[in-house]
Asker: 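Provided herewith is a single structure, encoded as structure tokens, for subsequent inquiry.
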2 protein chains.
Amino acid sequence: MADRSRIQCKAVADKVVSAEEAAAFISPGDRLGMSGFTGSGHPKAVPAALVRRAVEAAGRGDHFAVSVWTVSTAPELGGALAAVDGIDLRMPYQSDPVTRAKINDGLLGYLDVHLSHVAQMVREGFFGHLDVAVVEVAGVTADGALVPSSSVGNNNTWIDMADRVILEVNSWQPAELEGMHDIYYGAALPPDRKPLQILVPSDRIGVPYLRCPQGKIIAVVETNDPDYPAPSKPADSDSQLIAGHLLDFLSHESGRGRLPATLLPLQSGVGNVPSAVLAAFDSGPFRPLTAYTEVVQDGMLQLLRSGTMTMASTTAFSLTEEGIAELRANIGIYRDRIILRPQEISNHPEVIRRLGCLAMNGMIEADIYGNVNSSHIMGSSICNGIGGSGDFARNAHVAMFLTPSTARNGAISCIVPMVSHVDHTEHDVHVIVTEQGIADLRGLPPALRARQIINNCAHPDYRPALQDYLNRASATGPGKHTPHLLSEALSWHVRYLHEGTMRPA
Amino acid sequence: MADRSRIQCKAVADKVVSAEEAAAFISPGDRLGMSGFTGSGHPKAVPAALVRRAVEAAGRGDHFAVSVWTVSTAPELGGALAAVDGIDLRMPYQSDPVTRAKINDGLLGYLDVHLSHVAQMVREGFFGHLDVAVVEVAGVTADGALVPSSSVGNNNTWIDMADRVILEVNSWQPAELEGMHDIYYGAALPPDRKPLQILVPSDRIGVPYLRCPQGKIIAVVETNDPDYPAPSKPADSDSQLIAGHLLDFLSHESGRGRLPATLLPLQSGVGNVPSAVLAAFDSGPFRPLTAYTEVVQDGMLQLLRSGTMTMASTTAFSLTEEGIAELRANIGIYRDRIILRPQEISNHPEVIRRLGCLAMNGMIEADIYGNVNSSHIMGSSICNGIGGSGDFARNAHVAMFLTPSTARNGAISCIVPMVSHVDHTEHDVHVIVTEQGIADLRGLPPALRARQIINNCAHPDYRPALQDYLNRASATGPGKHTPHLLSEALSWHVRYLHEGTMRPA
């Protein structure tokens, strides 16, 4: 049930309409900035109404499609709309299966943009004019300030830059969200930018509310619908091994005085492996911890609940059903330990570099020289997108990338001679961890990096072939700095595409 | 002739010795942090003495080699020492032919590190302990403060982190350098970092001198030797065409209100093409300009002299013989228009992002999707190194990469299906410029980027083959987001290695 008390401002309440009426304000071809970051905080009603419009248009032999700018991965938003060919262009992140399939079938254009770059590039007009912002909020105060929802993402930018704004006021979102956010309104374009005065993750530099001129709000829709839960998978043995290697490494670094005993602010990307790693910190020696990250997953909630972690700065929740229930049941505990910021700030290079984040991100594959592919399957098909991994890795104190050493029951080696797509270059990757072990690449020239990665990280089934490639490339390749045999550098991927396995015949 | 008046501090003057005596303090296997950035500010005497030691050791059947950390590209330093196998490991940048050849022959380990990352990684101990700093200065004040030379680079870090310091006091350097530098001593490790209060290129946040505890100085050598001049090549027609395209683009951006009429602080990488582009600004419509960059080349000197540019922040000069003569003749004009900073600050992501630099860097090749290779020839052989191009491109307002469309008299296409090495990913490259034209990649999904790059930037001789690759990859490749045929993605490079040309048979 919608909860009218969530809209305390009469001028806003007067604009309440149905989702269909709101969606009618959107024209084919419009560029829409939608709220949502991973599964949280996306609009629940207007996207469904747009889906119905697209279906109706198709029934008339017409076509209804829009550009969708959002970090939401909820299938009920992007996937449902993509399924009815209702999206022309999507950016800057996605991960639902329907959207992904449409992109890889060439039916949907996709821009894969560093999350910290999105807001400034939109403000600069690099992606064209934004027509409509469709933003979920948790409430509206008496003076018209907007209580942000369970993610901030680019909402402040969408609202600022769009001609018109449609609000969804979702009374399912906890009222206690009010006050948890820190919305920074100083992010001017150059030459007018000022330093961001965040010196520790708990620093606040903004205000708890989103602002929107009344005149921009063209429709308000009331909803009472849950966020989209992340899939809940128990941590498998690979994840636990990865977590163990990673904690050993951090202990070693701390023991050598290269990290404080409380470490440095953690960043942990989306995915099963990083989440399992986080949970492992609860039995580790480091405390109190902090996080400066882009998503709070179940593992981090656990750390915050136990007191192992005292403060997490993020732009969104990314929780399983159990995590969502835990947050709702105990939000009184969490509300003082979590700050939600715009993704431009949660992922800002200035702050990440200053704080010295310890960045832990999953990946698809790494090559023997430490180049990392986070986004593409076999060089051509997008998986999710780079997300914030580049923002953090590029500016982190230590940039760590995690993956099981094989995929598809061993048919794919996640350590290859040359990655089929590069998202993080050899210059940006410090540490690679698989269930086999850890490769610390700092201070090593390419040939020594290759030895570490092959011996410590590759699956034993693939080590001989990798070593053989390295040996032959070193002996007969055109240069010995980064020895490669270009005629077979990508042959492992080619073999997989043809034979369904990277295993040598 | 050495000029004793350059050493005003008696305690320092008492340590003056010959270069041989100074070099005797260095042990085989030592890690040396040497001053110098491109051709300027490197030690002139001690490296030559080390060369003699290496030769003498070889004569005895012995081996003398050290690790050299420097951004100097002067052959009399790195090349001469590499030629006698006197270097085990080199970082983080190089460009002299002897060093390059040794690296590519597998005889010399090389770490190719983002210049903004070097100082912090050294302070963190990621490269091991620094034994000796060998730093050229322009003078020593009465109270022992060091007047920095014609480059700053990592000198403050080398001096801070080394056990022992050898100074070269070079009286060839203009005395007027005193006061031009801004050495920041607040660059703590996390969690103790503070915001860098640079809001415009002219802001000063440090002091004009390097500091060094007296007890660390083990030897002082007096020199009177010139910097190593950059090669002087007249701007060729390709460079002029590139400059023209680039100025047209900036005019267009300014006209659309996406750039101020005074633009934003310029960054221009080393190389002939960026230097020619800079010179072209002198007849362009934009003024007054500023620069926040890592090298001041002849083209920028010209802008500063004419008043088109009012202020340049840099870490070094990188001048031809004519440029050096001009600087020395008119340093009174330049000293108020140039600030020399540590490279950690000149290349700092925080400042580059805040100021919104317009980054213009040369490259080796780009692929049809906008990935850029700045460092490797045919995937294996290092050319120079990534230098600061990643620091600037990753955080710039607009990241532009420049190259003629072909190399080796047309045998190499600088636009290829897939680059043989990635230094700047598709996420970080905004604009590509060749003499053929400009591709503005912002807001374009990969397939549309490819169309722009092929049609606007590739040489007409190679366009049909690129288009053919794209067509076939789009039709039959495994995915249509970034269509590739992995079995032939690198075939252009393979053909060049085998046949000496990328041209189709």
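Sequence lines set the chain letters: A, B, ... in the order given, protein chains first and strands last, and positions in each chain run from 1.
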Asker: Could you pull out the closest heavy-atom pair between B:P446 and A:Y110, with the gap in Å?
Answerer: CD-O, 3.7 Å
Asker: Which region of B:E488, side chain (C-beta onward) or backbone (N, CA, C, O), has a non-hydrogen atom less than 4.5 Å from a non-hydrogen atom of chain A, or is it both or neither?
Answerer: neither
Asker: Please identify, among A:P478, A:G379, A:G257, A:G109, the residue contributing the most non-hydrogen atom pairs under 4.5 Å to chain B.
Answerer: A:P478
Asker: Measure B:L196 against the heavy atoms of chain A and call it side chain, backbone, both or neither at under 4.5 Å.
Answerer: backbone
Asker: Relative to chain A, which segment of B:M121 carries a heavy atom at a distance below 4.5 Å: side chain, backbone, both, or neither?
Answerer: side chain
Asker: Under 4.5 Å from any heavy atom of chain B, what part of A:S474 do you find: side chain, backbone, both or neither?
Answerer: neither
Asker: Under 4.5 Å, heavy atom to heavy atom: which of residues 259-266 of chain B reach chain A? Give them by number, or say none.
Answerer: B:P260, B:L264
Asker: Looking only at side chains, do A:T482 and B:H421 share a donor and an acceptor under 3.5 Å apart?
Answerer: no
Asker: Find the one option among A:Q197, A:H427, A:R193 whose heavy-atom pairs under 4.5 Å with chain B are most numerous.
Answerer: A:H427
Asker: How about A:R258: does its CZ atom have over 12 heavy atoms from other parts shown lying under 6.0 Å from it?
Answerer: yes
Asker: Tell me, side chain or backbone of A:H498 under 4.5 Å from chain B's heavy atoms, or both, or neither?
Answerer: neither
Asker: Without swapping roles, check the side chain of B:T425 against the backbone of A:V422 for a donor-acceptor pair under 3.5 Å.
Answerer: no
Asker: At what distance, to the nearest 0.5 angstrom, does NE2 of B:H484 lie from CG of A:L490?
Answerer: 9.0 Å
Asker: Can you say whether the rings of A:H397 and B:F126 are parallel (under 30°), tilted (30 to 60°) or perpendicular (over 60°)?
Answerer: perpendicular
Asker: Quick one: of A:H424, A:H117, A:H430, A:E253, who has the most non-hydrogen atom pairs under 4.5 Å with chain B?
Answerer: A:H117
Asker: By a 4.5 Å heavy-atom criterion (distance strictly below it), what part of B:V200 contacts chain A: side chain, backbone, both, or neither?
Answerer: neither
Asker: Closest heavy-atom contact between A:L486 and B:S420?
Answerer: CD1-CB, 4.3 Å
Asker: Does B:D88 have any salt bridge (Lys or Arg N to Asp or Glu O under 4.0 Å) partners at least two apart in sequence or in another chain, and if so, which?
Answerer: none
Asker: Relative to chain A, which segment of B:P349 carries a heavy atom at a distance below 4.5 Å: side chain, backbone, both, or neither?
Answerer: side chain
Asker: Name the region of B:L89, side chain, backbone, both or neither, that has any atom closer than 4.5 Å to a heavy atom of chain A.
Answerer: side chain
Asker: Top residue by heavy-atom pair count (under 4.5 Å) with chain B, among A:P195, A:S381, A:G356, A:G443?
Answerer: A:P195
Asker: Answer with side chain, backbone, both or neither: which region of B:A489 has an atom nearer than 4.5 Å to a non-hydrogen atom of chain A?
Answerer: side chain
Asker: Which residue pairs satisfy the salt bridge (charged side-chain N to carboxylate O under 4.0 Å, His left out) criterion with at least one member in residues 386-397 of chain A, sequence neighbours excluded?
Answerer: A:D391-B:R394, A:R394-A:D428, A:R394-B:D391
Asker: Go through A:N371, A:N395, A:I386, A:L497 and name the one with the most non-hydrogen pairs under 4.5 angstrom from chain B.
Answerer: A:I386
Asker: Who are the salt bridge (Lys or Arg N to Asp or Glu O under 4.0 Å) partners of B:E350, not counting sequence neighbours?
Answerer: A:R354, B:R354
